[in-house]
Amino acid sequence: MRILLTNDDGVHAPGLTVLEEIARTLSDDIWIVAPSEEQSGAGHSLTLTRPLRVRRHGEKHFSVTGTPTDAVMMAVGHLMKDARPDLILSGVNRGANLAEDVTYSGTVSAAMEGAISGIRSIALSQVYAREGMGDAVPFAAARAWGERVLRPLIAMPASRRLLFNVNFPAIDPAAMKGIRVVRQGFHDVDRTKIIQGTDPRGYDYYWFGLGTSDSVPEGSDLAAIAEGYVTVTPLHYDLTQDSAMAATAAAFGG
């Protein structure tokens, strides 16, 4: 099995090293094609206004000066075009990708690009307990449970246009309750946080961030993570709201 690894935290991110450890329990044919720098929050964006550059770091190990989607497209369409991957793993992200946050996530979007290309794709993220941890985020839960959650997903019959979003809770692996398949949740509060500062020249600058929320809708990925489960959520990139089709058509007399 040929496996492509990518992420949105950058080619030197600790979580990518963890992902490679997990992937090597599944196969010896591992490729890494990841963004050269962190691209958190890049979503499913493409680089169209400047050229991309590829740097080789070793055998089957590359970085791309672009987004996670760029990295997957470069891997599938150029670097691995003669022998495409059988599986794409994206992560292990430093931080959760739960609920509506999947729409911002470069980690999930890299897996989505793989699914669009017809390749089995899985995004993996490690929740952490508090803000400001930086590279001190522990990946013990992902290390201990990564293979356990991946093998059943890989064994499933392939399904076009489908990707899986996996999140590991911020608890000791020994305290984990198991794995739960749950739907994508939705935070019921506005968590947008804008932090204002002033630079040395006296001009204002702003940082976007996301505040915390205690919202845990029952049966959702948010609730299962809070209860100490690894969460698995099947996602697809068809955003059509079928239940609104008839009403929308009626508004136009159809």
Side-chain angles (χ1 to χ4, degrees), residues 4 6 8 39-49 66-77 84-85 87-91 93 95-125 152-154 156-167 179-194 208-226 229 231-254:
L4 169 63
T6 191
D8 74 357
Q39 297 285 327
S40 295
H44 203 176
S45 59
L46 283 172
T47 301
L48 299 175
T49 58
T67 68
T69 301
D70 293 331
V72 173
M73 293 183 75
M74 185 65 69
V76 174
R84 284 160 48 108
L87 172 68
I88 295 176
L89 301 178
S90 180
N93 189 64
N97 278 306
L98 299 162
E100 72 274 16
D101 290 349
V102 301
T103 62
Y104 305 115
S105 169
T107 304
V108 174
S109 293
M112 185 175 292
E113 185 60 34
I116 289 172
S117 298
I119 301 167
R120 189 190 302 266
S121 300
I122 303 169
L124 303 99
S125 302
L153 295 179
I154 295 168
M156 289 176 59
S159 178
R160 287 176 56 83
R161 302 180 181 178
L162 178 69
L163 60 137
F164 292 100
N165 184 35
V166 176
N167 281 268
I179 300 168
R180 246 187 207 172
V181 178
V182 288
R183 67 169 293 103
Q184 176 189 335
F186 190 84
H187 295 97
D188 60 2
V189 296
D190 182 2
R191 298 178 302 129
T192 303
K193 183 167 58 175
I194 301 176
F208 284 119
L210 291 174
T212 58
S213 170
D214 294 327
S215 172
V216 286
E218 187 175 351
S220 71
D221 51 5
L222 294 168
I225 278 287
Y229 289 91
T231 64
V232 177
T233 303
L235 300 175
H236 62 91
Y237 51 86
D238 179 358
L239 302 182
T240 306
Q241 179 71 338
D242 291 321
S243 62
M245 290 288 288
T248 306
F252 291 93

Would you mind telling me which of V102, T6, N97, N165 makes a side-chain contact (heavy atoms from CB on, under 4.5 Å) with T107?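 When side-chain contact (heavy atoms from CB on, under 4.5 Å) is applied between T107 and each of V102, T6, N97, N165, only N97 qualifies.
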Do you know which of L235, L124, D8 makes side-chain contact (heavy atoms from CB on, under 4.5 Å) with V108?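 Result: among L235, L124, D8, L235 is the only option passing the side-chain contact (heavy atoms from CB on, under 4.5 Å) with V108.
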Roughly how far, to the nearest 0.5 Å, is [atom2] of [Y] from [atom1] of [X]?
X	Y	atom1	atom2	answer
S220	L98	OG	CG	8.5 Å
I88	L163	CD1	CG	10.5 Å
L4	L89	CG	CG	8.5 Å

Show me the donor-acceptor pairs within less than 3.5 Å that the side chains of residues 241-251 make with the rest of the protein, sequence neighbours left out.
unit_1: Q241; atom_1: NE2; unit_2: S243; atom_2: OG; d: 3.3
unit_1: T248; atom_1: OG1; unit_2: A244; atom_2: O; d: 2.7

Who pairs with [X] by side chain to side chain contact (heavy atoms under 4.5 Å, CB included), at least two apart in sequence or on another chain?
X	answer
I194	T192, Y206, F208
R84	V76, S117, I119
S45	A42, T67
L162	S159, F164, P234

List the residues meeting side chain to side chain donor-acceptor pair (under 3.5 Å) with E113, not counting sequence neighbours, and say none if there are none.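 Only H44 meet the side chain to side chain donor-acceptor pair (under 3.5 Å) criterion with E113.
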So L153 and R120, do their side chains get closer than 4.5 Å, heavy atoms only?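 When only atoms from C-beta onward are counted, L153 and R120 do not touch, as no gap falls below 4.5 Å.
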Does N167 use its side chain to pair, donor to acceptor, with the backbone of T231 at less than 3.5 Å?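 Answer holds: no.
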